Amino acid sequence: MRFVDGRLSLLFESDSSLDAIDPLWTEVVGALDHAAPRLSTETLDRFRTVLVEAVVNAIVHGHREDGRPLQVEVHLESGRLEARVHDSGPGFVFSTVDLAPMDAEHGRGLFLMRHMSDEARYRQNPLGNTMHLALAVTAPPLGEPS
Amino acid sequence: MTIPVRPGPEGLVVRPEGPLDAAAARIFREEIGRWHLPRSTTVVVDLDRVPFVDSSGISALLGLRKRVAANQGRIVLRNVPDQVRRVLRVTRLDGLFPAERDAAA
């Protein structure tokens with residue numbers, strides 16, 4: 001955990017396994033609760049929703065569940081909570097974000113990332129891909145941990 | 001994820017426990033695939049112990065709904081947490097999953 005100029009930066013590493021997602025969130029929310037106890041339940045719910053979708057995409061479509069670790073950065077500063085999920089696989093197409101037909105059993109993850117965040121973008125390059133997801137937070141949430 | 005099922009006055013009551021995420025959704029699908037659903041059964045999914053659902057969890061619920069509907073039954077959600085309610089609303093699926101207003105109803 002690092003505080004630099006009022007900005008909190010956290011770095012997490014997760015196995016690229018679906019079973020690792022819940023423990024990863026427990027770690028993330030524990031660190032956020034400690035550093036920013038004033039984040040609202042609604043903000044944390046939305047953040048969990050978009051972060052988990054991004055990690056699932058990185059594991060399933062980025063790494064193809066190959067077991068190689070992936071990195072998740074969380075940044076918090078006044079007015080903004082951001083996640084960056086890195087994968088080193090072939091990536092996926094983020095442009096198609098239409099909502100799946102009502103009875104379709106797949107195809108809502110990207111839509112949720114777009115619509116539950118305030119900013120979502122996916123950068124691909126030969127060295128690795130990054131999903132950026134940001135939420136606006138109203139109250140200044142940062143405080144130095146005791 | 002554990003998925004206890006018990007018969008209730010209104011039909012079958014399913015009470016999953018734990019986050020209904022991609023890993024749990026696989027288990028949920030396997031479990032419901034093994035059930036024998038009588039015709040015209042109401043399945044109540046009590047979500048009071050489900051703190052979180054992702055798109056895979058929503059897909060698993062849709063799979064259950066499809067199975068129940070194929071048997072002329074219906075699905076009702078009980079004790080829907082705010083996060084689940086929000087995800088259903090954003091994905092415009094709230095109309096497919098009627099929710100009880102009150103667990104005691």
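Quick note on labels: first sequence line is chain A, next is B, and so on, each numbered from 1. Bear in mind that the values here come from a model prediction, so they are computed numbers and not experimental data. Below, all heavy atoms of this structure are taken into account, side chains as well, without hydrogens, waters or symmetry copies.
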Quiz item: Counting heavy atoms not belonging to Arg121(A), are there more than 12 under 6.0 Å from its CZ?
Solution: yes
Quiz item: Which bit of Arg29(B) comes within less than 4.5 Å of chain A, counting heavy atoms only: side chain, backbone, both or neither?
Solution: side chain
Exercise. State, to 0.1 Å, how close Ser55(B) and Glu53(A) come at their nearest heavy-atom pair, and which atoms those are.
Key: N-OE2, 2.6 Å
Quiz prompt | Residues of residues 60-67 of chain B near chain A, each having a heavy atom less than 4.5 Å away | solution = Leu62(B), Gly63(B), Lys66(B)
Exercise. Indicate, with yes or no, if Val68(B) and Val80(B) share a hydrophobic cluster defined by side-chain heavy-atom contacts under 4.5 Å among Ile, Leu, Val, Met, Phe, Trp and Tyr.
Key: yes
Self-check item: From CG (Asp82(B)) to OG1 (Thr41(A)), nearest 0.5 Å
Solution: 8.5 Å
Practice problem: Can you sort out the partners of Glu82(A) under salt bridge (Lys or Arg N to Asp or Glu O under 4.0 Å), two or more places apart, ordered by chain and number? | Solution: Arg80(A), Arg84(A)
Quiz prompt | Separation between CD of Gln83(B) and CD of Glu42(A), rounded to the nearest 0.5 Å | solution = 11.0 Å
Quiz item: Among all residues two or more places apart in sequence or in another chain, which pass the side chain to side chain contact (heavy atoms under 4.5 Å, CB included) test with Ser40(B)?
Solution: Gln72(B)
Exercise. Using a cut-off of under 4.5 Å on heavy-atom pairs, state which of Val56(A), Thr49(A), Ile21(A) scores highest against chain B.
Key: Thr49(A)
Exercise. Would you kindly confirm whether Leu37(B) and Val13(B) end up in one hydrophobic cluster when ILVMFWY residues are joined by side chain heavy atoms under 4.5 Å apart?
Key: no
Quiz item: Is it the case that one hydrophobic cluster holds both Val45(B) and Val76(B), taking links as side-chain heavy atoms less than 4.5 Å apart, direct or via other members?
Solution: no
Quiz item: To the nearest 0.5 Å, how far apart are CZ in Arg48(A) and CG in Asp21(B)?
Solution: 7.5 Å
Quiz item: Should Leu18(A) and Arg26(B) be marked as a side chain to side chain contact (heavy atoms under 4.5 Å, CB included) after you check the CA-CA gap, both sets of side-chain angles, and the distance that decides it?
Solution: CA-CA 10 Å; Leu18(A) 297 180; Arg26(B) 286 182 175 173; 3.4 Å; yes
Quiz item: Got a sec, which residues hit ring pair (Phe, Tyr, Trp, His ring centres under 6.0 Å) with Phe97(B), two or more places apart in sequence or on another chain?
Solution: none
Quiz prompt | Phe52(B) side chain reached by Asp22(A) side chain, heavy atoms, under 4.5 Å | solution = no
Quiz item: Within a strict 4.5 Å, meaning less than it, do heavy atoms of the Val90(B) and Arg108(A) side chains meet?
Solution: no
Quiz item: So if you build clusters from Ile, Leu, Val, Met, Phe, Trp, Tyr with side-chain heavy-atom gaps below 4.5 Å, do Val44(B) and Val50(B) land together?
Solution: no
